[in-house]
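Chain letters run A, B, ... following the sequence lines, proteins first, then strands; residues in each count from 1.
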Amino acid sequence: MLFFRKKGGLSVDFVYIKDVSKYSEKEITIKGWLYNKRSSGKIHFLLIRDGTGIIQSVAVKGEISEEEFQMCDKLTQESSIIVSGVVREDDRSPEGYELSIKHIDIVHISEPYPITKKEHGVSFLMDHRHLWLRSKKQHAILRIRAEAIKAIRDFFDNRGFTLIDTPILTPSACEGTTTLFETDYFGEKAYLTQSGQLYNEATCMAFGKVYCFGPTFRAEKSKTRRHVTEFWQVEPEIAYADLEDIMGWAENLIIYIIERVLEKRKDDLKTIERDTKLLENIKSPFPRITYTEAVDILNKKGEKFKWGGDFGASEEMIISESFDKPVHVTLFPSSIKAFYMKSSPEDEKLALGVDILAPEGYGEIVGGGQREDNLEILEKRIKEHNLPRKAFEWYLDLRRYGSVPHAGFGLGLDRTITWICGIHHIRESIPFPRLLDRVYP
RNA sequence: UCCUCAGUAGCUCAGUUUGGUAGAGCGCCUGACUGUUAAUCAGGAUGUCGUAGGUUCGAGUCCUACCUGAGGAGCCA
């Protein structure tokens with residue numbers, strides 16, 4: 001139980017730091033934590049954060065009780081405090097406003113805080129991720145993430161899509177291409193989902209336009225700045241849509257997310273020193289090339305790349321750096337794509353799929369395409385890919401009962417955030433990253 | 001799974017080349033300072049040198065194995 005204003009006699013409002021400008025020359029109360037402290041003998045500068053911002057508050061000897069002035073001296077970094085005082089505009093304060101302290105209550109004196117004002121190594125910070133989130137930069141990134149999630153949901157909700165949650169525990173692999181996390185499901189094997197797509201194909205036949213948005217899991221032993229084992233994807237699926245349609249949807253979604261973040265999270269982008277000019281440039285139309293044209297680009301730039309292979313990290317980098325916007329790459333060889341992808345009617349060897357590569361070398365952020373809607377062809381594909389037919393019976397039903405052309409895509413949230421924030425490593429884009437050899441904290 | 005680098009004070013690191021009794025800055029503790037901006041100034045405490053072996057009169061330093069972390073590749077999104 002906190003004793004709110006136990007030493008004050010005046011009636012004052014409790015406000016968040018983001019709102020202090022509305023309270024100039026008024027007495028308010030702030031509940032927060034000590035971000036930093038600078039002291040002279042007769043004056044203390046306390047930087048207080050409350051999750052919405054940081055404000056400098058000033059305790060002057062003689063202006064508050066001697067007991068409370070002494071208490072300020074005892075405060076350690078990240079101690080939790082409740083402070084009352086008058087909001088004043090002051091050019092000398094780093095934030096433009098500061099609080100002249102009248103009363104201070106200490107809620108808890110923090111033990112010596114591990115994350116100090118000096119630099120730290122990545123490993124140490126990752127071990128203290130639960131505290132690192134309080135730091136300015138990490139705080140800004142996660143607020144941008146929250147805004148992007150809201151933008152994604154608004155985008156689909158306002159355009160006639162229904163959010164349908166797909167299961168996380170699944171009886172079999174969705175694509176058969178990746179390694180999955182296996183769990184013991186009451187004596188049977190179950191796997192953490194790598195995608196909600198197959199279930200989306202069922203729900204889009206019921207609802208028309210659907211999307212799922214949740215965590216997905218891949219047990220690949222990837223050790224790069226672009227991979228986490230638990231990552232968030234938004235996956236729309238649309239009945240009666242073709243490849244061309246979903247390329248438009250994906251492009252508009254990306255633009256919508258960027259616009260929203262630029263509009264609502266400008267301060268946070270500034271905190272992380274992102275060059276927003278590069279983001280302001282993300283407008284329609286995005287360049288569109290085929291896989292075959294991408295191979296030409298690679299070979300022109302001196303890479304010896306043979307038609308038919310999948311792009312690795314360096315290939316993706318070269319292709320994406322050839323453009324200053326995200327680029328659609330379409331019509332991959334069917335042989336390197338999943339079993340459910342529909343082949344081009346003009347060339348059986350090509351799949352009606354699209355990957356979107358983010359600029360600045362951030363790699364693939366969207367993968368999608370048109371799904372095979374013909375029962376016989378799909379049965380053949382399942383056989384060719386050595387997939388357990390029995391597990392896909394329900395999926396084949398969708399081609400038996402009113403099959404229609406349909407298409408969808410997945411957008412990787414964490415990679416998108418990494419790109420929007422212009423940060424080096426995906427691990428800072430998610431609150432508690434799951435990496436190869438790291439599941440703590 | 002492979003390649004490269006690293007592990008020394010709470011944190012960031014120097015010391016390793018050339019073996020000879022453990023160092024700095026920050027943080028912490030004490031004191032000074034009425035406008036600080038990673039505040040400053042003076043003084044103080046702090047170590048199983050990743051682990052286990054080996055070489056040597058003597059190992060943080062050289063050798064071997066292992067553990068942990070980071071960077072990258074592959075795989076993958």
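- Remark: rC57(B) base-pairs with rG20(B); criterion is Watson-Crick or G-U wobble with both hydrogen-bond distances under 3.5 Å.
- Atom CD of E273(A) is surrounded by 12 or fewer heavy atoms from other residues, nucleotides or ligands within 6.0 Å.
- With rounding to whole Å, I43(A) atom CD1 is found 8 Å from rU36(B) atom C1'.
- Residue R38(A) contributes atom CZ, which lies 17 Å from atom P of rU34(B) at whole-angstrom precision.
- For the P atoms, the distance linking rA77(B) with rG53(B) amounts to 47 Å, nearest Å.
- Across every strand in view, rG25(B) sits in a pair with rC11(B) that passes the Watson-Crick or G-U test at under 3.5 angstrom.
- Closest contact between the side chain of Q56(A) and the listed nucleotides rU34(B), rA77(B), rG35(B) involves rG35(B).
- Salt-bridge annotation for R143(A) and D267(A): absent, with no side-chain N of the basic residue lying under 4.0 Å from a carboxylate O of the acidic one.
- When the C1' atom is used for both rA14(B) and rU8(B), the distance is 10 Å, rounded to whole Å.
- In this structure, R260(A) forms no cation-pi arrangement with F155(A), as its terminal cationic atom is not both closer than 6.0 Å to the ring centre and no more than 45° off the ring axis.
- Ring-plane geometry between F311(A) and F305(A) is classed as tilted, the angle between the planes lying from 30 to 60 degrees on a 0 to 90 degree scale.
- Using atom P as the reference point in both rG69(B) and rU12(B), the two lie 15 Å apart (nearest Å).
- Between W394(A) and Y199(A), the distance separating the two ring centers is shorter than 6.0 angstrom.
- Nearest-nucleotide mapping onto RNA chain B: of E364(A) and G62(A), the residue sitting toward the 5' end is G62(A).
- Ion pair E147(A)/R265(A) flagged as a salt bridge, since at least one NZ, NE, NH1 or NH2 atom sits closer than 4.0 Å to an Asp/Glu carboxylate oxygen.
- Taking atom CD of residue Q70(A) and atom P of nucleotide rU30(B), one finds them 12 Å apart after rounding to whole Å.
- One can place CG of L47(A) at 10 Å from P of rA38(B), the figure rounded to the nearest angstrom.
- Comparing the C1' positions of rA45(B) and rG27(B) gives an interatomic distance of 13 Å, to the nearest angstrom.
- If you measure from atom CG of D414(A) to atom C1' of rA77(B), you get 10 Å, rounded to the nearest angstrom.
- Both P112(A) and K37(A) lie near RNA chain B, and the one whose nearest nucleotide falls closer to the 5' end is P112(A).
- Annotation: rA9(B) and rU61(B) have their P atoms spaced 15 Å apart (nearest Å).
- Looking at heavy-atom distances under 4.0 Å, N36(A) makes contact with sugar-phosphate atoms alone, never a base.
- The closest donor-acceptor contact from the side chain of K37(A) to the backbone of D73(A) lies under 3.5 Å.
- For rA38(B), there is no paired base (Watson-Crick or G-U wobble, both distances below 3.5 Å).
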Each nucleotide N or O in nucleotides 7-11 of chain B that has a protein N or O under 3.5 Å away: list the pair and distance.
| from | atom 1 | to | atom 2 | distance (Å) |
| --- | --- | --- | --- | --- |
| rC11(B) | O2' | E119(A) | O | 3.4 |
| rC11(B) | O2' | H120(A) | ND1 | 2.5 |

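- Comparing the C1' positions of rC13(B) and rU55(B) gives an interatomic distance of 30 Å, to the nearest angstrom.
- Across all strands shown, rA70(B) is found opposite rU4(B) as a Watson-Crick or G-U wobble partner, with both distances under 3.5 Å.
- Aromatic rings of F156(A) and F213(A) (six-membered ring for Trp) have centroids beyond the 6.0 Å cut-off, not under it.
- Proximity of the aromatic rings of F432(A) and W132(A) is defined here by a centroid distance below 6.0 angstrom, and this criterion is not met.
- Following rounding to the nearest Å, Q77(A) (CD) and rG27(B) (P) show an atom-to-atom distance of 10 Å.
- With sequence neighbours left out, H406(A) forms a ring-ring contact (aromatic ring centres under 6.0 Å, His included) with no residue at all.
- In this structure, F231(A) forms an aromatic stack with the base of rA77(B), since both conditions hold: centre separation below 5.5 Å and plane angle below 30°.
- Pairing of rU64(B), defined by two Watson-Crick or G-U wobble distances under 3.5 Å, is identified with rA52(B).
- Comparing rU30(B) with rU64(B), their P atoms sit 49 Å apart, to the nearest whole Å.
- Using a 4.0 Å cut-off between charged side-chain N and carboxylate O, E428(A) and R225(A) make no salt bridge.
- Not one side-chain nitrogen or oxygen of R415(A) sits closer than 4.0 Å to the OP1 or OP2 atom of rA77(B).
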Nucleotide-resolved protein contact map, nucleotides 67-74 of chain B, B/S/- at heavy-atom distance under 4.0 Å: --SBBBBB
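- Between rU51(B) and rG10(B), the two P atoms lie 13 Å apart (nearest whole Å).
- Per the geometry, CZ belonging to F217(A) stands 16 Å off C1' belonging to rC76(B), to the nearest Å.
- rC28(B) atom P lies 14 Å from atom NZ of K74(A), rounded to whole Å.
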